[in-house]
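Have a look at the structure below, then the notes.
Because the structure is a prediction, the values reported are computed rather than measured.
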Amino acid sequence: QLTVVESGGATVQPGGSLRLSCETTNFNLYYYSIGWFRQAPGKEREVVSCMSGSTDSRIYADSVKGRFTISGDIAKNTVYLQMNDLKPEDSAVYYCAVKYSLRTSCLIERYAYDYWGPGTQVDVSS
């Protein structure tokens with residue numbers, strides 16, 4: 001089975017940090033683009049960050065630049081999202097998505113992805 005599972009979501013105070021994990025099974029992520037997306041109630045799902053499993057391509061949404069870092073242990077088929085200085089507007093369900101791609105640049109369009117995890121909830125509040 002090809003599976004994608006996120007973990008690490010929690011309730012955290014503003015200014016705090018979380019690390020989300022995206023664990024995949026039976027993928028070789030070297031051949032994939034991996035994206036982190038988020039969706040808040042009543043809003044569209046939006047890209048947070050993406051990375052390539054085979055190049056140094058790393059792309060971030062303007063809203064998270066300087067605060068979030070995407071990384072991965074590609075040999076272990078696992079990708080992370082380190083989130084620092086969290087703000088209430090970061091509250092959302094966070095999704096990991098993967099797509100076979102050998103492009104140099106990772107993919108930022110949600111409709112490009114065909115494998116999705118079930119999401120993990122992040123709440124930033126006092």
Query raised in the report: Where does the angle between the aromatic ring planes of Y100 and Y31 fall among parallel (under 30°), tilted (30 to 60°) and perpendicular (over 60°)?
Result: parallel
Requested in this report: Report the C-alpha distance between Y115 and F27 in whole Å, list the side-chain angles of each, state the deciding distance to 0.1 Å, and finish with yes or no for ring pair (Phe, Tyr, Trp, His ring centres under 6.0 Å).
Outcome: CA-CA 11 Å; Y115 295 98; F27 291 93; 5.1 Å; yes
Hey, could you give me the [atom1]/[atom2] distance between [X] and [Y], rounded to the nearest 0.5 Å?
X: R19; Y: Q82; atom1: CZ; atom2: CD; result: 7.0 Å
X: Q13; Y: S125; atom1: CD; atom2: OG; result: 8.5 Å
X: S54; Y: R103; atom1: OG; atom2: CZ; result: 12.5 Å
X: L20; Y: L81; atom1: CG; atom2: CG; result: 5.5 Å
X: Q121; Y: E6; atom1: CD; atom2: CD; result: 12.0 Å
X: I34; Y: S49; atom1: CD1; atom2: OG; result: 10.5 Å

Report task. Identify which one of F37, Y94, W36 satisfies the ring pair (Phe, Tyr, Trp, His ring centres under 6.0 Å) criterion when paired with W116. Result -> F37
Query raised in the report: Do side-chain atoms of D73 reach the backbone of T78 as a donor and acceptor pair under 3.5 angstrom?
Result: no
Report task. Using modelled atom types only, decide if a donor and an acceptor are shared between the side chain of Q1 and the backbone of T3 within a distance under 3.5 Å. Result -> no
Do the non-hydrogen side-chain atoms of [X] and [Y] ever get within less than 4.5 Å of each other?
X: S105; Y: I59; result: yes
X: M51; Y: I74; result: yes
X: F68; Y: D90; result: yes
X: V98; Y: S33; result: no
X: S101; Y: L107; result: yes
X: R38; Y: V93; result: no
X: Y60; Y: T69; result: yes

Query raised in the report: Excluding sequence neighbours, so at least two apart, what forms side chain to side chain contact (heavy atoms under 4.5 Å, CB included) with S71?
Result: Y80
Distance-only side-chain donor-acceptor flag, [X] / [Y], under 3.5 Å:
X: S57; Y: S52; answer: no
X: Y95; Y: T120; answer: no
X: N84; Y: S17; answer: yes

Query raised in the report: Has E44 got more than 12 heavy atoms of other residues, nucleotides or ligands less than 6.0 Å from its CD?
Result: no
Closest non-hydrogen atom pair, [X] against [Y]:
X: L86; Y: L18; answer: CD1-N, 3.9 Å
X: P118; Y: V4; answer: CD-O, 3.4 Å
X: C50; Y: I70; answer: C-CD1, 3.7 Å
X: N77; Y: L29; answer: OD1-N, 3.1 Å

Report task. Under the salt bridge (charged side-chain N to carboxylate O under 4.0 Å, His left out) rule, collect the residues that match up with D85, sequence neighbours excluded. Result -> K87
Report task. Determine, for K76 against E23, whether the closest basic-nitrogen to carboxylate-oxygen distance falls under 4.0 angstrom. Result -> no
Should [X] and [Y] be counted in the same cluster of Ile, Leu, Val, Met, Phe, Trp and Tyr side chains packed under 4.5 Å apart?
X: Y32; Y: V47; result: no
X: L102; Y: V79; result: yes
X: L2; Y: Y30; result: yes

